[in-house]
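The first residue in the sequence is number 1, and the count goes up from there. Heavy-atom basis, side chains included; hydrogens, waters and symmetry copies ignored. Just so you know, ligand 1 is whichever comes first in the structure, and atom 1 is the first atom listed for that ligand.
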Amino acid sequence: MRLAEALLQALRRAGAREIFGIPGDFALPLFDAIERSGELPLYTLSHEPAVGFAADAATRFHGGIGVAAITYGAGAFNLVNPIAGAYAERTPVVVLSGAPSRSERSSGLLVHHQARSLDSQLNVYREITCDQAVLDDPAGAAGEIARVLRTCRERSQPVYIEIPRDMVTADIGPVPVLPPSPVDVDAVEAAAVEILERLRAASSPVLMVDAEIRRYGIEEAVAGLAQRLGIPVVTTFMGRGLLAESANPPLGTYIGVAGQPEITELVESSDALLLLGVILSDTNFSISLRQIDLRQTIIAAERQVRLGFHVYPDVPLADLVIAMAAKARPLGISPDLPDPPPPPYDLPADDASVSPNDIATAINDMMRSHGSLPMASDMGDCLFTAMDIDQQALAAPGYYAGMGFGVPAGLGVQVATGERPLILVGDGAFAMTGWELGNCRRYGWDPIVIVFNNASWEMLRAFQPDAGYNDLDDWPFHELAGPLGGLGIRVRTRRELAEALELAVATRDRFVLIDVVMERGSMSDTLSRFVQGFGRRRAAAESG
Ligand SMILES: Cc1ncc(C[n+]2csc(CCOP(=O)(O)OP(=O)(O)O)c2C)c(N)n1
Ligand SMILES: [Mg+2]
């Protein structure tokens, strides 16, 4: 079989559902093979960062693996940032890069798109992917593809595959289906028993969940385990949206001082905090009201279980959850569960100017009337505002925090779910990747996009109030929508916002951009508390 076809078939078998990409001359043979084989649908976008964000977000929603196909050098270096984000936030995305042919490599000339050496690109990607393969040898290619795809799934992180352009049509053997990497079943059992004992001995155990439970497709299993144990569940900031559709959605989201005090108290006073698939990041934990001693918590993530100083290596999260479920009995606690305030509803339709909190309220009202939409959010106050939106499936860079994610991520969500997504994005982030909306018409995508237009890098202003460099110009984003194939509406008041959302819901054949003009300095309550919490932590750290 030809290498490209074998690779595409192996990708599909491993869980790929689509390819996002931008071609270049080194990748043309590969793109030809993608289009001709029809193995996986190909969606081309306008700038490689968007390719990576869309592939990442689609993967978060469909739970398989993502594929980002790009050309050598200029294309691949443009893709570095989203792949770094996917690495940090544990999304399994396969980077397929075209590359110079074997004869071009040995010609002695510098090759266009080359940075320092021909392997500079590979070396950069070694840092941000968990396995790499350069398919320059027909004899070894099938085995390399199989290994790299297995690592991608098992580690749930990006991998890198480089395909010299003359190798696309090389004959290679069938790509084997590798068995899962060996797991020490006894270690899994022992870890499950020890965790359950710790929980049983505790008086206020709490389960906190994060990205990995979705990446490994065990959300339902975790929900079932929590219910069997009778243990309260919360998500991290990064994990907002997990289990949103479960029969027993989480009590809320832990954001330390920035979150609901009831949830903060529940988590920080727990004497057995079990973190399943949790990323131990500063956005998740550094704004605790009371310092959580992570050595006293139970952490199962990154194929490891840690209880204090006791570590079980090589314990896949899914195996652990299955082993725990098999042994789980009710813990027999009847915790005094908090009753966090419900999300805000019923926006007054008046002429008051719009605040970020109003946007959350208006979205809650819209979804209550018309059904929920899967969401993607950028970094910025829009993500903090999303914490007040009644729990919905959400793709957002809650840890890596890279701007530019929102719009292309929303396009990925539409591809993965076939549903119309809701995209939340700041004006600064929209200026980075918002143009990608111009690709909606070609593919029949119709997201609803809410631009938080405060003419400002407001989140930065919140940390550095006197800085002039955070001022942005007032760009009429709504006027850009028409020429890009969408409908644009600018709103300034709460009445206009509610009406625009109704119109957006009723407009089904194109994207709708609602440009929400807000005052500089107007911030969501969650972001204000987050900034204050960070300030206090910094001051405490500096005073020793
Ligand atoms: C790619 C990238 N560049 C810079 C930053 C630093 N940064 C964090 S928030 C922010 C401002 C975001 O502005 P906007 O999208 O308008 O949202 P707002 O803060 O106004 O809600 C910046 C520049 C970042 N997170 N990512
Ligand atoms: Mg802004």
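Any N or O atom pair closer than 3.5 Å counts here, and Cys382 shares no such pair with ligand 1. Where the criterion is an N or O separation shorter than 3.5 Å, residue side chain and backbone included, Leu460 fails it with respect to ligand 1. Residue Asp381 has at least one nitrogen or oxygen atom sitting less than 3.5 Å from a nitrogen or oxygen atom of ligand 1, judged on distance alone. The distance criterion of under 3.5 Å between nitrogen or oxygen atoms is met by Ser456 with respect to ligand 1.
Near Gly428, meaning under 4.0 Å from one of its heavy atoms, ligand 1 places the atoms 14 (P), 15 (O), 16 (O). In summary, the atoms of ligand 1 found under 4.0 Å from a heavy atom of Glu458, numbered by their order in the structure, are 18 (P), 19 (O), 20 (O).
For the pair Arg153 and Tyr216, the cation does not sit on the ring face, since its NZ or CZ is not both under 6.0 Å from the ring centre and inside 45° of the axis.
The residues Arg490 and Glu479 are annotated as not salt-bridged, no charged nitrogen and carboxylate oxygen being separated by less than 4.0 angstrom. Here Glu458 pairs with Arg461 in a salt bridge; the nearest charged N to carboxylate O distance falls below 4.0 Å. A salt bridge does not link Asp525 to Arg529: none of the charged side-chain nitrogens sits closer than 4.0 Å to a carboxylate oxygen. A salt bridge does not link Asp210 to Arg215: none of the charged side-chain nitrogens sits closer than 4.0 Å to a carboxylate oxygen. We find that Asp350 and Arg495 are not joined by a salt bridge, their nearest charged nitrogen and carboxylate oxygen being 4.0 Å or further apart.
In this structure, atom 15 (O) of ligand 1 lies nearest to the protein heavy atom Ala429 N, 2.8 Å. Looking only at heavy atoms of the protein, atom 13 (O) of ligand 1 is closest to Trp457 CD1, 3.3 Å. Remark: minimum distance from atom 19 (O) of ligand 1 to any protein heavy atom is reached at Met459 N, 2.7 Å. Among all non-hydrogen protein atoms, the one lying nearest atom 25 (N) of ligand 1 is Ala401 O, 2.8 Å.
In terms of distance to the Mg ion (ligand 2), the nearest N, O or S atom of Asp427 is named OD1.
Distance check: Ser97 OG to Tyr72 OH gives 8.0 Å after rounding to the nearest 0.5 Å. Rounded to the nearest 0.5 Å, atoms SG (Cys130) and CD (Gln132) are 8.0 Å apart.
Look at Met459 and the Mg ion (ligand 2): no N/O/S atom of the residue is under 2.8 Å from the metal. The Mg ion (ligand 2) lies under 2.8 Å from an N, O or S atom belonging to Asn454. Contact annotation: Glu458 places no N, O or S atom under 2.8 Å from the Mg ion (ligand 2).
The main-chain N or O of Ser46 is found under 3.5 Å from a side-chain atom of Glu436 such that the two form a donor-acceptor pair. Not a single donor-acceptor pair under 3.5 Å links the side chain of Ser522 to the backbone N or O of Met518.
Contacts between Asn81 and ligand 1, counted as non-hydrogen atom pairs separated by less than 4.0 Å, are absent for every part of the residue.
Within the set Arg461, Met403, Met379, the minimum heavy-atom distance to atom 10 (C) of ligand 1 is found for Met403.
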